[in-house]
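Computed from a predicted model, the values in this text were never measured in an experiment. For the numbers below, each heavy atom of this structure counts, side chains included, while hydrogens, waters and symmetry mates do not. The chains referred to below are lettered A, B, ... by the order of the sequence lines, with proteins before strands, and numbering in each begins at 1.
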Amino acid sequence: MSEITAEQVAHLANLARIALTDEEIEHLTTELGQIMHAVEQVSAVATPEVPPTSHPIPMQNVFRDDVVGDSVLSVDEALSGAPESDGSRFKVSAILGEEQ
Amino acid sequence: MARAELMDFDKALELFEPVIGLEVHVELNTATKMFSSAPNPANSQFHDAAPNTLTTPVCLGLPGSLPVVNGEAVKYSISLGLALGCSIAPSSRFARKNYFYPDLAKNYQISQYDEPIAFDGEVEVELENGRTFTVPIERAHMEEDAGKLTHVGGSTGRIQGAEYSLVDYNRAGVPLVEIVTRPIFGGEADTPALARAYVSTIRDIVLSLGISEARMERGNLRCDANVSLRPRGQEKLGTRTETKNVNSMRSVERAVRYEIQRQAAILAGGGTITQETRHWHEDTGATSAGRPKSDADDYRYFPEPDLLPVVPSNELIDTLRAALPEPPAVRRRRLKGDWGFTDLEFQDVANSGLLIELEATVKAGATPAAARKWWTGEIARLANAADRDASGLVSPEHVAELSKLVDAGTLTDRLARQVLEGVIAGEGSPQQVIDARGLAVVSDDGALIAAIDEALASQPDVLAKIRDGKVQAAGAVIGAVMKAMQGKADAARVRELVLERAGQGA
């Protein structure tokens, strides 16, 4: 049984750009640990002969035709949920680090 | 930015063996995006769209929106995989690459991770000096492009100093195929040229497949170059750097060469290479340190639960395989035969990476000789001067039109060069430039004869010499007439008319 550590939670929070207090980290470490344990019960049932599955329904090849659809948004619609914009582009606060 | 110390290239090669790995991203030119029915800005129909006018809720990662795979993009990807000599995966799936950065609103990029659609291929690449290399391909996988950020404020637009960033999601979701090579050994002193030739070959392949506009300056084709050095005789690979933002063929070659020289200087001085992303600067011809590889590279890939596996049928793969264009190496041999160039002439064209442009120019009506003359001559010269790739400067159709106008006597070579400059400056087609700038040859014999008579009258000694049979004396008159016509006359016709007029007086 692998344990979730406070360091792992802090690392995840950093990746997700979420600032957490020590109390929150401690709280989440316990909660995530419980979730992990629940998930690990599945591992106990799954034998090596059972391949991992990424989808519950055995479907494949669901494709779309290469045709422009009718859900294309206008600039105003696209920006309607943005906290800030310059009228045509989303405005976000200064970004530290580099593009991916 | 402090200028890095560089070691002489030959010296670096003596001490170290360069090993490179190349990642090329190809934007597909399908009508719509990879996972959404939004128009695709990498398709020429939608090039110039205003910011955030090519989005759907899927592109913006709005709650409740779901991706659906573009079937055409899958076919394009399979064709590309086959053209790269890859095996096509009987079943492949998408994965989420998780990272928090505003160029993708979902906070993850849909990519492929453990099950790429194509793998284990190889590409034959021919260098300028005639050497051929087989570049091993590890994989080609499908993914989506990210949006475009513009950093505003702070010092000189550097990201660290930015006060805020503006985001345009038009490019978010554009279908991409990322082609990853295995480490390429044995390039030695040809390594920079090999990198360039490889990217050029990929460009030839996607253009002949018709699956991408492949314009590097537009970002349709982008190359990240991994470079590492190992001391001669050492088995273990050195630490590599990954240079991004390399967006012309010339830069690919220059960036690889620069990294070899920079790393060699550090290693020879007893230093170590930091594994990091580096940025190529076209203007200074140097790379600068970017983000070090770190915790942030923990992308926590997992299978994309919103999408189903792609399981192409054998029939589909066979159909696409049968429709593949001839491989670049085969095409070279055919074109060489068709055009009747000498080895040297053909090598000249092939080296400049302009075979596709030449072929299109010939198809549009120019003679092979004229097409070669324009592309490897004046256009290459202008491209060099502007530090750009010749292929992006002017369309083959316009070059063919120009060439035909010269053949028809509408333009002299000199005028045609002026027209070309106008076309490159975006003033329209050759005919439009001629009309706008009034550049056509004066083909009205009346106007020419008037100028000739005037010149002959003012140079009676020349007239006498011509009448004495000293035909070469006509040069002075022809010169005067060309000057009077501001160069817009066909010198051969002027000469004919001068002799005719001088003779008539006899």
Fill in: Qualifying salt bridge (Lys or Arg N to Asp or Glu O under 4.0 Å) pairs with a residue from residues 38-47 of chain B, counting only residues at least two apart or across chains
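For residues 38-47 of chain B: none.
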
Worksheet item: Does R96(B) count as lying over the ring of Y108(B), i.e. NZ or CZ under 6.0 Å from the six-ring centre, within 45 degrees of the axis?
Response: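 Yes - R96(B) lies over the ring of Y108(B), closer than 6.0 Å to its centre and within 45° of its axis.
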
Worksheet item: Looking only at atom types and distance, does a side-chain atom of N52(B) sit under 3.5 Å from a main-chain N or O of V167(B), one as donor and one as acceptor?
Response: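 Yes, N52(B) side chain to V167(B) backbone: donor-acceptor pair under 3.5 Å.
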
Fill in: Heavy-atom donor-acceptor pair, N226(B) side chain to R240(B) backbone, under 3.5 Å
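The answer is no, because no donor-acceptor pair under 3.5 Å joins these two groups.
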
Worksheet entry | Residues E259(B) and R278(B) bridged, charged N to O under 4.0 Å |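 Between R278(B) and E259(B) there is a salt bridge, with a charged N closer than 4.0 Å to a carboxylate O.
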
Please look at [X] and chain A and tell me whether the side chain, the backbone, both or neither of the residue comes under 4.5 angstrom of a heavy atom of that chain.
X	value
Y169(B)	side chain
V58(B)	neither
L60(B)	side chain
S36(B)	backbone
F46(B)	side chain
L307(B)	backbone
A31(B)	both

Fill in: Geometric class of the Y113(B)/Y301(B) ring pair [parallel <30°, tilted 30-60°, perpendicular >60°]
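Ring orientation of Y301(B) relative to Y113(B): parallel.
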
Practice prompt. Would you please name every residue forming a side chain to side chain contact (heavy atoms under 4.5 Å, CB included) with A42(B), sequence neighbours left out?
Written response: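 Counting only residues at least two positions away or on another chain, A42(B) forms a side chain to side chain contact (heavy atoms under 4.5 Å, CB included) with E27(B), N40(B), V174(B), N220(B).
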
Worksheet entry | Choice from P312(B), P303(B), P309(B), P305(B) maximising heavy atom contacts with chain A below 4.5 Å |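 Maximum pair count with chain A is reached by P309(B).
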
Item to complete: Sort out for me which of S71(A), G69(A), A16(A) touches chain B most, counting heavy-atom pairs under 4.5 Å.
Response: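 Greatest number of close heavy-atom pairs with chain B: A16(A).
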
Worksheet entry | Partner set under salt bridge (charged side-chain N to carboxylate O under 4.0 Å, His left out) for E144(B), not counting sequence neighbours |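 E144(B) satisfies salt bridge (charged side-chain N to carboxylate O under 4.0 Å, His left out) with K106(B) only.
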
Discussion item. Between K33(B) and D145(B), does the salt bridge (Lys or Arg N to Asp or Glu O under 4.0 Å) criterion hold? Intermediate values first, please.
Written reply: CA-CA 9 Å; K33(B) 294 188 182 178; D145(B) 210 341; over 6 Å; no

Item to complete: With a 4.5 angstrom heavy-atom cut-off, could you sort out which part of V62(A) is near chain B: side chain, backbone, both or neither?
Response: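 For V62(A), the contact with chain B is made by backbone and side chain together.
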
Discussion item. Quick one, N170(B) and T53(B) - any side-chain contact, counting heavy atoms below 4.5 Å?
Written reply: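 Result yes, sub-4.5 Å side-chain heavy-atom pair found.
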
Worksheet item: Is any residue of residues 73-81 of chain A within less than 4.5 Å of chain B by heavy atoms, and which ones?
Response: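 Within residues 73-81 of chain A, the residues under 4.5 Å from chain B are L73(A), S74(A), V75(A), A78(A), L79(A).
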
